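Below: one structure, written as structure tokens.
Computed from a predicted model, the values in this text were never measured in an experiment. So you know, we letter chains A, B, ... as the sequences are listed, proteins then strands, and number each from 1.
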Amino acid sequence: MSSEQQVDPTSPTRPVRVRFAPSPTGYLHVGGARTALFNWLFARKTGGRLILRIEDTDLERSSETMVTGILDGLEWLGLGWDEGPYFQSERLTRYSEVAARLIERGEAYPCFCAPGELASRRAEATDRKQTWKYEGICRSLPRAEAAARLASAEPAAIRFKVPASGSLTFTDHIFSRITTGYEQIEDFVLLRSDGHPTYHLSVVVDDIDMGITHVIRGADHLPNTPKQILLYRALEQQSPIFAHVPLILGRDKSRLSKRHGATSVTAYREMGFLPEAFRNFLALLGWSPGNTDQEIFGAGELIEAFSLEGISRSNAVFNLEKAMWMNAQYMARSPTAVLSRELEPWLRERGLWEPEFAAEGAARLHAVVDLLKSRARSLADLASAARPYLSPSFELEPAAVEKNLRRHEQLKVLIPELADRLAGLSSFDLTTTEAALRELADERGVKAGLLINAARTALTGSGATPGIFDVMVCIGKPEVVRRLRDAVRLIA
RNA sequence: GGCGCUAUGGUGUAAGCGGUUAACACGCCGCCCUCUCAAGGCGGAGACUAGGGGUUCGAAUCCCCUUAGCGCUACCA
């Protein structure tokens with residue numbers, strides 16, 4: 001009916017203020033992380049401010065450890081905020097004030113109906129597949145009676161008076177016009193009988209108090225937005241711009257949940273994702289930079305390219321394969337020194353960390369990282385692949401041993417010979433090692449590949465490695481010679 | 001059940017106001033490179049744009065219906 005007047009996004013008088021408002025009832029979900037990212041990008045893009053607010057009004061389900069988990073997740077993704085975190089649990093009196101004011105204005109009323117009773121009536125109705133909404137029994141209670149019962153400390157919730165008929169239309173920045181009939185909306189609770197606000201009240205009060213200009217949040221909030229707009233009106237405040245972001249789904253297109261695999265950003269960190277890569281991947285889920293083929297975006301480029309208009313209206317399926325690809329891209333492109341530093345916890349976990357790695361140059365570690373970074377999909381991958389280069393004890397892959405060593409009896413003499421020749425080199429580098437190996441192959445009339453693959457498995461236990469001469473140089477002469485000699489026992 | 005939203009290859013997305021052989025990326029399959037594996041390069045398969053009706057000279061783009069998925073429908077957020 002009446003179309004809402006909203007904040008003009010181009011108004012020079014109102015600098016952009018957005019917020020990320022997670023509820024600490026779980027770890028930072030990838031969907032929440034993406035919402036945070038979009039808010040962050042929008043704030044950076046527009047020169048606005050990002051406010052972090054913790055919506056912990058559900059005492060039962062909120063916890064402090066979840067709060068730190070969420071903060072850690074944001075920090076890991078590099079999504080810094082400009083204000084907060086504010087906690088709704090610390091603003092309780094403010095919400096009751098507003099609720100009281102709404103009662104005074106005749107926009108809300110106390111409700112004495114027993115929650116349990118209401119719930120059972122609701123359940124009964126849905127069992128019969130019928131619609132049921134609170135019929136507003138207490139709405140028509142005489143003012144005096146209501147006041148008396150309140151005074152006698154009878155528990156009461158505060159409900160909002162929703163217009164009996166008509167409809168409300170508002171413009172969402174992503175979904176455009178949304179219309180809802182009031183008959184769909186019941187007199188919803190603003191304040192629980194324990195004095196805690198419900199989401200609708202606290203979110204509106206806070207967004208007003210914090211001067212929020214754009215509400216960028218998950219599309220699961222879309223159907224409830226009319227309730228909130230009603231509140232803005234009742235409080236004689238302008239509504240912010242609403243921009244609802246479509247949801248992230250699992251493989252089977254149902255809501256992303258544990259059974260689809262990891263849902264918390266912490267889990268992706270633990271898998272060995274680079275935060276920049278994961279952030280880049282997330283940005284491309286439900287948002288597109290438009291008519292360009294670019295997919296790899298640094299933080300600056302992301303900010304530059306971002307706009308609300310590029311956000312899609314349909315839900316997106318989380319594709320781990322592509323996320324891994326993205327991560328591999330970032331791994332390969334990361335400066336070796338940076339990657340080496342990120343690798344520390346992963347190497348420690350595997351007992352491969354050496355104090356010398358912490359030093360400036362850390363040449364030995366850098367050489368390994370350099371060698372492996374273009375073929376690792378994650379930090380975990382990289383750390384595992386690094387073992388043969390950092391430690392004399394590594395696993396032998398049975399299949400590789402079989403294929404490259406055991407099967408070839410001639411290696412029994414060739415491998416020790418190769419070891420001798422390498423041992424005799426005065427300079428041990430790419431050219432000298434390659435020349436030594438190829439000469440030997442020529443002289444003995446075997447293909448170089450035979451020696452190369454044998455050396456590969458003898459030196460690393462694996463059938464797939466970087467170029468063999470790079471491997472040799474990286475491992476170093478004494479250890480190369482030792483491992484070759486040792487490998488003879490593996491040949492049939 | 002009611003209400004709302006959405007619908008382009010398996011997945012993520014392009015294709016400004018209706019006019020393209022419907023593009024790119026992931027994944028998949030080949031080939032090249034090559035000592036293996038990645039990376040990289042080249043090529044291929046895979047979409048009558050969910051289905052059906054309209055409007056129009058012309059529809060992935062506009063309208064309607066159907067279907068499907070998702071969301072909301074709480075003294076959760």
Select base, sugar-phosphate, or nothing to describe what [X] touches, counting heavy atoms under 4.0 Å on all strands.
| X | answer |
| --- | --- |
| A/Gln329 | sugar-phosphate |
| A/Ser254 | sugar-phosphate |
| A/His244 | nothing |
| A/Thr131 | base |
| A/Thr25 | nothing |
| A/Glu183 | nothing |
| A/Asn224 | base |

Separation of [X] atom [atom1] from [N] atom [atom2], in whole Å?
| X | N | atom1 | atom2 | value |
| --- | --- | --- | --- | --- |
| A/His196 | B/C75 | NE2 | P | 16 Å |
| A/Arg121 | B/A74 | CZ | P | 13 Å |
| A/Asp220 | B/G69 | CG | C1' | 16 Å |
| A/Asp172 | B/G71 | CG | P | 18 Å |
| A/Leu249 | B/G12 | CG | P | 8 Å |
| A/Arg251 | B/G12 | CZ | C1' | 12 Å |
| A/Asn319 | B/G9 | CG | C1' | 14 Å |
| A/Leu230 | B/U73 | CG | C1' | 16 Å |

Would you say that more than 12 heavy atoms from the other residues, nucleotides or ligands in this model lie under 6.0 Å from the CD of A/Glu304, or not?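 Not more than 12 within 6.0 Å, no.
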Please determine, for [N], whether a Watson-Crick or G-U wobble partner exists with both distances under 3.5 Å, and give it or none.
| N | answer |
| --- | --- |
| B/U36 | none |
| B/C28 | B/G44 |
| B/A14 | none |
| B/C72 | B/G2 |

Scoring nucleotides 13-18 of chain B by protein non-hydrogen atoms under 4.0 Å (B base, S sugar-phosphate only, - none) yields SS----
[X] side chain to [Y] backbone, donor-acceptor under 3.5 Å:
| X | Y | answer |
| --- | --- | --- |
| A/Asn315 | A/Ile248 | no |
| A/Glu64 | A/Met66 | no |
| A/Lys133 | A/Arg122 | no |
| A/Asp172 | A/Ile178 | no |
| A/Asp56 | A/Pro24 | no |
| A/Gln228 | A/Val204 | no |
| A/Ser462 | A/Thr465 | no |

For residues A/Pro163 and A/Leu230, determine if any side-chain heavy atom of one lies less than 4.5 Å from a side-chain heavy atom of the other.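 Yes, their side chains come closer than 4.5 Å.
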Say you pick atom [atom1] in [N] and the same atom in [M]; how far apart are they, in whole Å?
| N | M | atom1 | answer |
| --- | --- | --- | --- |
| B/A59 | B/C72 | P | 38 Å |
| B/G27 | B/A45 | C1' | 13 Å |
| B/G9 | B/C29 | C1' | 16 Å |
| B/G52 | B/G16 | P | 24 Å |
| B/A15 | B/A47 | C1' | 14 Å |
| B/C65 | B/C70 | P | 22 Å |

Counting side-chain heavy atoms from CB outward, which of [options] is closest to [X]?
| X | options | answer |
| --- | --- | --- |
| A/Gln184 | B/G2, B/C24, B/C75 | B/G2 |
| A/Lys322 | B/G71, B/A25, B/C70 | B/A25 |
| A/Ile178 | B/U73, B/G4, B/A77 | B/G4 |
| A/Trp325 | B/C37, B/C75, B/G27 | B/G27 |
| A/Glu321 | B/G10, B/G27, B/G1 | B/G27 |
| A/Arg255 | B/C72, B/U73, B/U6 | B/C72 |

Is the NZ or CZ atom of A/Arg91 both under 6.0 Å from the centre of the six-membered ring of A/Tyr86 and within 45° of that ring's axis?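 Checked: cation-pi criterion not met.
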I want to check a possible cation-pi pair here: A/Arg313 against A/Phe175, using under 6.0 Å from ring centre and within 45° of the ring axis as the test.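 Not flagged: A/Arg313 not positioned over aromatic ring of A/Phe175.
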Can you list everything that forms a salt bridge (Lys or Arg N to Asp or Glu O under 4.0 Å) with A/Arg333? Sequence neighbours excluded, please.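 Per chain and number, A/Arg333 pairs via salt bridge (Lys or Arg N to Asp or Glu O under 4.0 Å) with no residue.
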Any side-chain N or O of [X] under 4.0 Å from OP1/OP2 of [N]?
| X | N | result |
| --- | --- | --- |
| A/Arg177 | B/C5 | no |
| A/Arg128 | B/G1 | no |
| A/Lys253 | B/U11 | yes |

Among residues 455-468 of chain A, which ones have heavy-atom contacts with RNA chain B below 4.0 Å?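 The stretch gives A/Arg456, A/Gly463, A/Ala464, A/Thr465, A/Pro466, A/Gly467, A/Ile468 as the residues lying under 4.0 Å from the strand, ordered by number.
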Looking at the base of B/C5, is there any donor atom on it, or on the side chain of A/Arg313, that sits under 3.5 Å from an acceptor on the other one?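 Under the 3.5 Å cut-off, the side chain and the base do not form any donor-acceptor pair.
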